[in-house]
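We count ligands from 1, going down the list as the structure has it; atoms in each ligand are counted the same way.
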Amino acid sequence: MLTRLHKAGYEAYLVGGGVRDLLLGLHPKDFDVATNASPEQVREQFRNCRLIGRRFRLAHVFFGREIIEVATFRAHHDQSEGEGEGQMENGLILRDNVFGTLEDDAWRRDFRVNALYYNIADFSLVDFTGGLQDLQNRELHIIGDPETRFREDPVRMLRAVRFAAKLDFSLEPQMAGVIGEQAERLSDVPAARLFEEVLKLFMHGQALRTFELLREYQLFKYLFAETDELLDSHGAYLDPFIRQAMINTDERVQANKPVTPAYLFAVLLWGPVRKRVERLQNKMPVLDALRIAGDKVVRAMMQQVTLPKRFSLPMREIWQLQARLEMRRGQRAYRLLENRRFRAAYDFMLLREQVGEPIRELCDWWTEFQTADETTRQQLVRSLPGNPSRRRRRPKKKSAARPATVDGNK
Ligand code: ATP
Ligand code: MG
């Protein structure tokens, strides 16, 4: 990849997370390439290439299942060049598409450890900003003046926390101070962009630490406002609940098992859902209460962070299933087992139990039911409290084959 560009007469460097993680002995998630070739010139070199991006044009080059992002050297977008159209009055960068030199490209990046370039031509490392030193000191420094850089792009505050957690680095103190002061700038960031960053926050294997730092620097409330409030007022249940989910997620990531972001969102928003369900529950059946509560919480969330349907639907199913898992008579338990969110909902229920909800029996019942043979399963269903099992043994004429429909249990 790098060689191909190099042979065609272009400069090409590996940059960003790939270089940083390799130097730290971590497994890079993906590789980014910086080059002096324009996106069109990159496309001429690779058949399996697509040009993407609105904010900045990039080339995506596909190698089997891997995508390598190839970006042309960019310069920091200066207000004077673009007649101000690239920046809004509060300093937020809207467009960032001015091509530049390698050095320009380094200085417009976010953190010094993210601006290290590996040169394929002579296998050297290029470090304009001091990133190598930071790798040694395990300290995250922003490039340039923290206040300016966070004003340009408040998402960098989230990135700071993510990298500090993921790499186990400390935050350079002056920058950390600025994050504490400027957190509210996150409310200027479009909800769709925040969603992309939130996804990355909890999937890198150090979700728990990320959560702690987000709370410490008051960033969490700009992502999950209601949850943040409840953590302050009703933390005794919610805090261990979220922490345990983060611990489980980190274990899965570290064991290379897949994690579903919808599950994490379901966890992060469970507090507000539960609060609303409690209020609605004596006015209506619990499934309705859950549905209405879920709707409201998702709608409120969308004001801050866009949740695409592919996340919000499974998330709502997981909440609904918390009530349905209690409804096990007749064929219901069998049907629930077939539900494609069963596993996530079951894990979610265990989590609730772990932080003290009195649902131990329910959890044990399901744990047993899943692996039991057919005879034991029937016994388990029959053993449910309040089950009119005697009636079941005298089948009525028509309904014998479908006991669940005549049971009418909730
Ligand atoms: P990860 O391991 O999460 O992929 P990464 O450092 O590669 O970490 P990316 O989001 O993939 O992060 O971005 C690639 C590189 O682009 C970064 O290393 C950084 O140099 C630059 N970059 C990304 N986002 C910003 C930003 N908001 N401001 C300035 N530079 C950025
Ligand atoms: Mg990357």
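Ligand-side atoms of ligand 1 in range of Gly17: 5 (P), 6 (O), 7 (O), 18 (O), range being under 4.0 angstrom from any heavy atom. Of all atoms in ligand 1, numbered sequentially from 1 with element shown, those under 4.0 Å from a heavy atom of Arg162 are 1 (P), 3 (O). Each of the atoms 10 (O) of ligand 1 lies under 4.0 Å from some heavy atom of Lys200. Close contacts between ligand 1 and Gly16 involve ligand atoms 18 (O) [criterion: under 4.0 Å to a heavy atom]. Near Asp30, with a cut-off below 4.0 Å to any heavy atom, the atoms of ligand 1 are 4 (O). Proximity to Asp153 (heavy-atom distance under 4.0 Å) selects the following atoms of ligand 1: 26 (C), 27 (N). Close contacts of ligand 1 with Arg108, meaning ligand atoms under 4.0 Å from a residue heavy atom, involve 29 (C). Counting the atoms of ligand 1 from 1 in the order shown, those under 4.0 Å from a heavy atom of Lys166 are 2 (O).
Protein N/O/S atoms closer than 2.8 Å to the Mg ion (ligand 2), listed by chain and residue number, are Asp30 OD1.
By the criterion of a heavy-atom distance under 4.0 Å, the side chain of Arg193, and not its backbone, is placed next to ligand 1. Counting heavy atoms under 4.0 Å from ligand 1, residue Arg159 touches it through the side chain alone. Residue contacts with ligand 1, taken as heavy atom pairs separated by less than 4.0 Å, do not involve Glu69 at all. Proximity of Phe163 to ligand 1, defined as any heavy-atom pair under 4.0 Å, is confined to the side chain (atoms from C-beta onward). Using a 4.0 Å cut-off between heavy atoms, Asp32 contacts ligand 1 through its side chain alone, with no backbone atom that close.
With respect to Arg112 and Glu139, no salt bridge is recorded, no charged nitrogen being found less than 4.0 Å from a carboxylate O. Between Arg159 and Asp153 there is no salt bridge, since no side-chain nitrogen of the basic residue lies less than 4.0 Å from a carboxylate oxygen of the acidic one. Taking the charged nitrogens against the carboxylate oxygens, Arg276 and Glu226 do have a contact shorter than 4.0 Å, which makes a salt bridge. A salt bridge does not link Asp110 with Arg156: every distance from a Lys NZ or Arg NE/NH1/NH2 to an Asp or Glu carboxylate oxygen is 4.0 Å or more. Electrostatic pairing of Arg109 and Asp32 does not count as a salt bridge here, judged by no charged N lying under 4.0 Å from a carboxylate O. Checked for salt-bridge contact, Asp145 and Arg149 miss the test: no charged N lies under 4.0 Å from a carboxylate O.
Looking at ligand 1, you'll find an N or O of Arg109 within less than 3.5 Å of one of its N or O atoms. Residue Gly18 places no N or O, backbone or side chain, under 3.5 Å from any N or O of ligand 1.
Between the side chains of Gln182 and Arg185, at least one donor N or O sits under 3.5 Å from an acceptor N or O.
More than 12 heavy atoms of other residues, nucleotides or ligands lie within 6.0 Å of CD in Glu40, so this atom counts as buried by the packing criterion.
The line from CZ of Arg324 to CZ of Phe342 is 11.5 Å long, rounded to the nearest 0.5 Å. If you take CD on Gln320 and CG on Asn339, they are separated by 11.0 Å, rounding to the nearest 0.5 Å. Once rounded to the nearest 0.5 Å, the distance linking CD1 of Ile359 with CD of Glu326 reads 7.5 Å.
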Please output the side-chain donor-acceptor pairs of residues 294-308 that fall under 3.5 Å, not counting sequence neighbours, one pair per line with the distance.
from, atom 1, to, atom 2, distance (Å)
Asp295, OD1, Arg316, NH2, 3.2
Gln304, OE1, Ala225, N, 3.1
Gln304, NE2, Lys221, O, 3.0
Gln304, NE2, Tyr222, O, 3.2
Thr306, OG1, Ala191, O, 3.4
Thr306, OG1, Ala192, N, 3.1

In a table with atom names and distances, give each donor-acceptor pair under 3.5 Å that connects a side chain of residues 197-216 to protein atoms at least two apart or in another chain.
from, atom 1, to, atom 2, distance (Å)
His204, ND1, Gln206, N, 3.2
His204, NE2, Leu201, O, 3.0
His204, NE2, Thr210, OG1, 3.2
Arg209, NH1, Glu212, OE1, 3.1
Thr210, OG1, Gln206, O, 2.7
Glu212, OE2, Arg243, NH1, 2.9
Arg215, NH1, Asp228, O, 3.4
Arg215, NH1, Asp228, OD1, 2.8
Arg215, NH1, Asp232, OD1, 3.3
Arg215, NH2, Asp232, OD1, 3.0

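Applying the salt bridge (Lys or Arg N to Asp or Glu O under 4.0 Å) criterion to Glu181, with sequence neighbours excluded, gives no partner residue.
With Arg20, His27, Lys29 as candidates, the residue nearest to atom 8 (O) of ligand 1 on a non-hydrogen basis is Arg20.
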